[in-house]
Amino acid sequence: MAKQHPKDYPGLKARFFHSAATVGDSALFVWAGEQAGLPKVHDSPEKRKFTNTIQHFTTSSGQWFARETTGTSPLGVMGYSCAAINDHLYYFGGYCNHDNCFHNSITRLDTISLQWRELEPTDATRPVMRRGFGGMLSFEHDGVHCLLMIGGIGSKPAVQLLHNKYIETMHERSSGRWRTNEHSMYNLSLGKWDYVSVTGQCIPSADGFIIEKISNTKAILFGGIVQDDTTEATASNDLYLLNIDLSLSTVSWQCIKKPEAIDKWPIGRYIHAGTIIVAELLYPLLVICGGMNNNNDKLDDCWMFDITQRTWTTWTKVGHSFSKRWAHSLSVFTFSPRCFWIITVGGAFVSRREVTSDELVQYPYITVMKSLVFNKEKVIVQDIPVSNNRQYQSMYFQQLQLGRTHWLEYQKQKEEVQVWEGHQLTEYKTSLKEELEIQAIKQQLRNEQDHSRQLTIKIEKKETEHYLELQEKDQKYHHQLQENKAEKELEIQRICFQLQERLESEKAAKDLEIQNYHHRLQEKEREMQEYYHHFDQLKGKEAEIQRCHFQLEEQEREKAKTDQELQNYYYQLQEKEKMESLKNQEIQRYLQQLQKKEDEIQIYFNQLQEYCRQLSEKEREKAEKDQEIQKYQYQLQEKEKTDAFSKQEIQKYHQRLQEKEQENLKKDKEKQIYYQKIQENERDQTETKRRHSLQLSEKETEIQKCHQQLQEKEQENLKKEKEIQESEREKTETKRRHSLQMSEKETEIQKCHQHLRKKEAEKEQYRHQLKENENKYIQQLRQKDKELSEKQKYHHLQLQENEAKMKQKIQNFDHELQKLKKELEDKEKETQRLSQLLLKEQREKDKKIQLLLQQIQQYKHQLQENDSMIQVQKEKAEEKVQGIKLLHSSQTMFDEHKEQVPIVPSKQKEQLDTKAAESVTKTEDELKGVHVADKKSFLIHGGPDQSVNWEEYGIRITIPQGAVLPSDTVQVTITALVGGDFIFPEDTELVSAVYAINLSKPFLEPVKLEIQHCVSIKTPAHGNYLSFSTTTNNQPPYKFNTVDGGEFSIGNRYGSISIAKFSKWSVVMKCRRRTRVHPYRIEKSSHKKEHESLSVSSSSQSSTSIEESPKLPNIEEPPVIPLKRTIDASEQNQLMIHIPVEILEDESPVKLYFGQVMYEVRITGREWLMRFLLCQDLNALIEHIKKEFKSSEEYMEISFQFEDYDGCIELCFNDKECPKGWSVRPRQKPSKVSQNVIDEYGSMSPPRFPKCVFTITATPGEEAVKELSYPIPIQGIKSDTEEINIVLTMGDFQQKPVETIASPSGSISPEERQLQLAGEVLRDNFKTLSKILAAPSNLSTVIMNLYAKKLITGATSTECMNTGRPVQDRCASLLFALQSTVTTQPQSMLTLIGVLKEEEAFKDIAENMDLQMSLNIYTTH
């Protein structure tokens, strides 16, 4: 247990979660914090006792003094942020010590007068989050002081600002709290909040960290609890360096993480303490100690971080009483550039967050001080006895004497540095003259960049301020409206209550009806008045918004001019770079020529070496000959001894030898001369080489020297600038400190006198204000009495007038009620007569319907008899087919591996069909993790070739004859998927929709599958980039694999493949080149079917099948091979040698995209919302967009492709202004969408498509134009459509009357009945026809065919072909024109059906209309 306080202890009490601030060089202030006895309430007198006292520590006395304060102190007593500016302390935020109550107030304390002043109160609606446990710094620029608040944890934010993160904590202890990295700046001189832009590697949402100020523009942050969107809250050990530019209101961050190679790094921690020490030569050091780790265990260590060298060092001899604590504070007192005193205050020593008052650090260890003396490379740490005053005083005076000696040494060093700097300055001035031009150019660039940055920051500031002002105005406006409504409703209720009391005696029932009607009228009048008032206010706001919009446009134009100037300057720099590159190219050419010469010299040298080798061989032969001669001479001597030859012969022989020797000497001389020539040539060559190399080396050294000189000059200039700045800072700091030390005593005396004078002046002002307030209050009371008397008279007159009006209205209502009763009686008589006529007509219709039902039942009975006969015939035909198939399989060798289908009775077939249908539904229900656009089922009966055409969603299936038995039916269910958890192979991308295909029964033969893709195939090489992919997974993720064998022809948007199994299929595009082998063509034998094929491959061993395919361009066809037997492997290899292979060019194909313009009416005739939706040009995606935006009106469709790879589509707003009364405003600037964004958005689940949104408003007036025609050019794409033309008409509030169709009461002739039937059939199919006509390219083709058949006029055709109008308007005009022609000419209905049957998209509806016409004609006859 720690020692308890003595009874008469006057010092600091135990506390934690507080903050300590130093004022000057000798004063320390500690306020609030969690401590024993602090009530856990929002506000109370007991709590004010704690908050109205502040603890003051002075280094001269070494004691704590409790000082009472005046004014309203803040309520955030824990985790608040504190900063000192001169003699003032500023406190922000903090935790209120109950529930989840946090504050965002700013309060100032004058340390001389000890008076509080609240600069900003706590406001829950303010866009500054209420929070604590963060950080706050003070900065100064041009005499303006600002406070910067960073991060923390607190209550739910009222407004989540952009570029800031807010994460809700889910911990049990801190549930309902939000962690943030919000940056808030408060301008103390202006007294308002400013906008801050954040750049760099910003810290995530964090609290419990320490942030310390290094200089007026720099700070450092360490540790804290950090939480991101994807990670949980953990204790961090990352460092963050902060740079602030108050002129631009920008904050930039730099993150420093622990390197892997360094082990000496503190662990992650939070609620620790830290401070900054500025040692000799302005080297800042960060000191941290204590805190808690991830496991909520207390830490007992102390670290020091060198900010310049970025290295950590530990202090081992500090002591547990200093470092073993958390939620404490750490401060520093500077005695000299080498001597510092560090003081730690408060904290807890238990390893858990929930702490009692007994578990805090108690006396005498509440305040612990250490002395740090920097002696060269060592740091000497000494304990300072705070509890013993005598020892403390002796230590204090010793440190003062050491500090003075250190300051004197520091000043001497400074003077020496100044002398050295003088010499350096003279040299620096001479070098500056040469570099003035370069610096001027750089300064121009920087100024232009700063100007552009300032413009962007100002625009962002204005936008945010405008946004906040609008929010505040809206809130105030809504609040005022609610108050006015409440007051008016109270007055109206009081008046109505008085009227009801007076008129209850007379005609109670009538009074109730009249009063209700009167109330309704009053509400409607009030609503209309409010609406008109609100409409006028909106007009004023819109005018203000338009003015702001025009101002922004002017600013953008100025910015564009500056951008153009920058581009021109950039082009000049590029031209200079080009000149330098040309010079480099010339040098490279010269080097290449030298290299060539060196190669030639090397070749010549090699030749010389060969020649020397030949000479050496000749010399060796000569030596051998000399040896033979010597042997011969020796033999001669022996012979002379033994045989006595004649002397003459010997002399002759000697003469010959001498001649030979002379000849050999001549040859040796010639050789020596030749060798000398060779050596001279070699010397000349070496000299030329050496000269060239010296020239090159000299040039390279000159270039390198130039670069080095430039770099050295720049470095020297930077160093000199830094040294000058540091020297100036040191001078200013020393002067400021001396002046502060000299003026402290004088200021204290002056402040005391001023304080006394202020108190006397305040007392006099207070008395004067009391008198003035009394006089004002009396005057206000008199004015209120007058106003009340006048209001009473006015209300009395209004009541009399209202009574007279009510009596008149009652009389008028009685008269009107009598009239209405008469009219009701007449209408009742008419309704009775009409009901009798309707009953008669209904009876006649019932008789006709009964006759028709009898005829239908007879027809059904006949059909059932026919069906029974057909089933008997089908069973017989099936038995014959099975027999033929068995014979056929025995004759051919290709059907050996096929399964024989047994003959199944009809009952078993029905059971199998039900099981298959159940399996289909099961597989369909198993689809998970996908987004379904639509699903459709098709029935395939046995018979000739059939096809499944679902081109509305981009898929076709061709079923050959024999794939389904004549007696069977197969259900094909296709599900179009436009998004899901899909995984495709590497280097591929999806270029189609995904289709999940399920069958109730498998097909007996392969079928042809065709899928639409969005790739433009213009050459045969483009087809090689596409391939089919499939997957068999039934659970996500669905992993697709590519399948060989697909065909993609030029100009066709459908790819085809022959398949036997169905699952999930799609088309993908590859990014590499592949080769294609030409298939063989085969003759059709009498024993084989038309769709039977043989594919050649090197992997098959027994037999292969070659598939029949069309010819490829520019390649001769191989000879036709009749197939009457299987092909062996050896024959197959021989065939493979003669197969021509086409190597395709590595050309990337182009993808096609689709754009849809849609309108949404916000206010009829007044406001529209235009959306420009973008996706890949696939029918499935287009249909999905139309379903998603059913409420919107389709206007225009665009098919396009991008000009560049990874390009963008941009809607450009030119300088052309809108007509008067109209405004077109984009929601985003620039209105630009990239190709990658379209591809990514189209593949999401659920799919979200990128769009550009515009708001179009019409304001009526005298000079307003009724019709808008506003073109918007499109850039960055290749398309037939170059611009989007907005065509709208300004409407009125009155709606058009609804047209009614009256039924004739008389008898109808057969011709009139036929006309009516044709019109009814067309009217019933209006909705489906308009949908099909709205699809791309359907409307134009149908219009031309109808005009050719003379069903519409030329005027209607031109009107419907106008792309400036919305698509729905054109479709409606076309259908109404057809309605008029059909009603006048019923025979034109048949021609219309014929025209529709010619188009594939209209076949189904044309057949349906034909059936309806025939059925109606049959029923009429």
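The shown structure was predicted, so the numbers you read here are calculated from the model rather than taken from an experiment. Numbers here simply count residues along the sequence, with the first being 1.
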For Ile271 and Phe17, what are the C-alpha separation, side-chain angles and deciding distance, and is it a side chain to side chain contact (heavy atoms under 4.5 Å, CB included)?
-> CA-CA 8 Å; Ile271 52 176; Phe17 287 116; 3.9 Å; yes
Distance only, no hydrogens: is a donor on one side chain within 3.5 Å (strictly under) of an acceptor on the other, for His183 and Trp253?
-> yes
Cut-off 3.5 Å, side chains only: do His18 and Ser329 have a donor facing an acceptor?
-> yes
From [atom1] ([X]) to [atom2] ([Y]), nearest 0.5 Å:
X: Lys298; Y: Asn296; atom1: NZ; atom2: CG; answer: 12.0 Å
X: His145; Y: Asn187; atom1: NE2; atom2: CG; answer: 10.5 Å
X: Ser252; Y: Asp245; atom1: OG; atom2: CG; answer: 8.5 Å
X: Asn104; Y: Trp193; atom1: CG; atom2: CH2; answer: 6.5 Å
X: Leu360; Y: Gln35; atom1: CG; atom2: CD; answer: 9.5 Å
X: Phe139; Y: Ile244; atom1: CZ; atom2: CD1; answer: 4.5 Å

Sub-4.5 Å side-chain heavy-atom contact between [X] and [Y]:
X: Cys302; Y: Val287; value: yes
X: Ile343; Y: Ile384; value: no
X: Gln382; Y: Ile380; value: yes
X: Tyr270; Y: Asp207; value: no
X: Trp64; Y: Val386; value: no
X: Gln399; Y: Phe333; value: no
X: Pro157; Y: Thr180; value: no
X: Phe322; Y: Leu330; value: yes

By salt bridge (Lys or Arg N to Asp or Glu O under 4.0 Å), Asp238 pairs with (sequence neighbours left out) none
List in chain and number order the residues that pass salt bridge (Lys or Arg N to Asp or Glu O under 4.0 Å) with Asp87, two or more places apart in sequence or in another chain; answer none if no residue qualifies.
->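 Partners of Asp87 under the salt bridge (Lys or Arg N to Asp or Glu O under 4.0 Å) test: Lys751.
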Between the side chain of [X] and the main-chain N/O of [Y], is any donor-acceptor distance below 3.5 Å?
X: Thr111; Y: His88; value: no
X: Trp265; Y: Asn237; value: yes
X: Gln391; Y: Pro385; value: no
X: Asn216; Y: Glu140; value: yes
X: Trp31; Y: Thr51; value: yes
X: Tyr91; Y: Tyr80; value: no
X: Lys370; Y: Val318; value: yes
X: Tyr392; Y: Thr59; value: yes
X: Trp303; Y: Leu286; value: no
X: Asn293; Y: Asn295; value: yes

Please identify each residue that fulfils side chain to side chain donor-acceptor pair (under 3.5 Å) with Tyr166, with sequence neighbours left out.
-> Glu182
Excluding sequence neighbours, so at least two apart, what forms side chain to side chain donor-acceptor pair (under 3.5 Å) with Ser249?
-> Lys461
Tyr365 six-ring centre to Arg325 NZ/CZ under 6.0 Å and within 45° of normal = no
Side chain to side chain contact (heavy atoms under 4.5 Å, CB included) with Asp229: which residues, sequence neighbours excluded?
-> Ile167
Who are the side chain to side chain contact (heavy atoms under 4.5 Å, CB included) partners of Leu119, not counting sequence neighbours?
->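 If we apply the side chain to side chain contact (heavy atoms under 4.5 Å, CB included) test to Leu119, skipping adjacent residues, the hits are Tyr90, Ile106, Arg108, Arg117, Tyr186, Leu188.
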So which atom in [X] and which in [Y] form the shortest heavy-atom distance, rounded to 0.1 Å?
X: Asp99; Y: Arg177; answer: O-NH2, 3.6 Å
X: Pro127; Y: Leu161; answer: O-CD1, 3.6 Å
X: Cys289; Y: Ser323; answer: CB-CB, 4.4 Å
X: Thr22; Y: Ser331; answer: CG2-CB, 4.0 Å
X: Arg131; Y: Ser184; answer: NH2-OG, 3.5 Å
X: Gly33; Y: Leu38; answer: O-CD2, 3.8 Å

Would you mind checking if Arg269 and Asp301 are paired as a salt bridge, meaning a charged N to carboxylate O distance below 4.0 Å?
-> yes
Plane angle bin for Trp326 and Phe16 - parallel if under 30°, tilted between 30 and 60°, otherwise perpendicular |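 Aromatic pair Phe16/Trp326 classed perpendicular.
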Please report the C-alpha distance between His141 and Cys146 in whole Å, then the side-chain angles of each, then the deciding distance to 0.1 Å, and finally whether the side chain to side chain contact (heavy atoms under 4.5 Å, CB included) criterion is met.
-> CA-CA 8 Å; His141 178 69; Cys146 294; over 6 Å; no
Apply side chain to side chain contact (heavy atoms under 4.5 Å, CB included) to Ile150 and Leu242, showing your working.
-> CA-CA 11 Å; Ile150 298 168; Leu242 179 145; 3.7 Å; yes
Given the side-chain rings of Phe222 and His272, with only the six-membered ring counted for Trp, is the space between their centroids under 6.0 Å?
-> yes
Got more than 12 heavy atoms from elsewhere within 6.0 Å of NZ, Lys156?
->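 For Lys156, atom NZ is not crowded (no more than 12 foreign heavy atoms under 6.0 Å).
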Verify side chain to side chain contact (heavy atoms under 4.5 Å, CB included) between Asp306 and Leu285, making sure each step is shown before the conclusion.
-> CA-CA 5 Å; Asp306 191 346; Leu285 303 172; 3.9 Å; yes
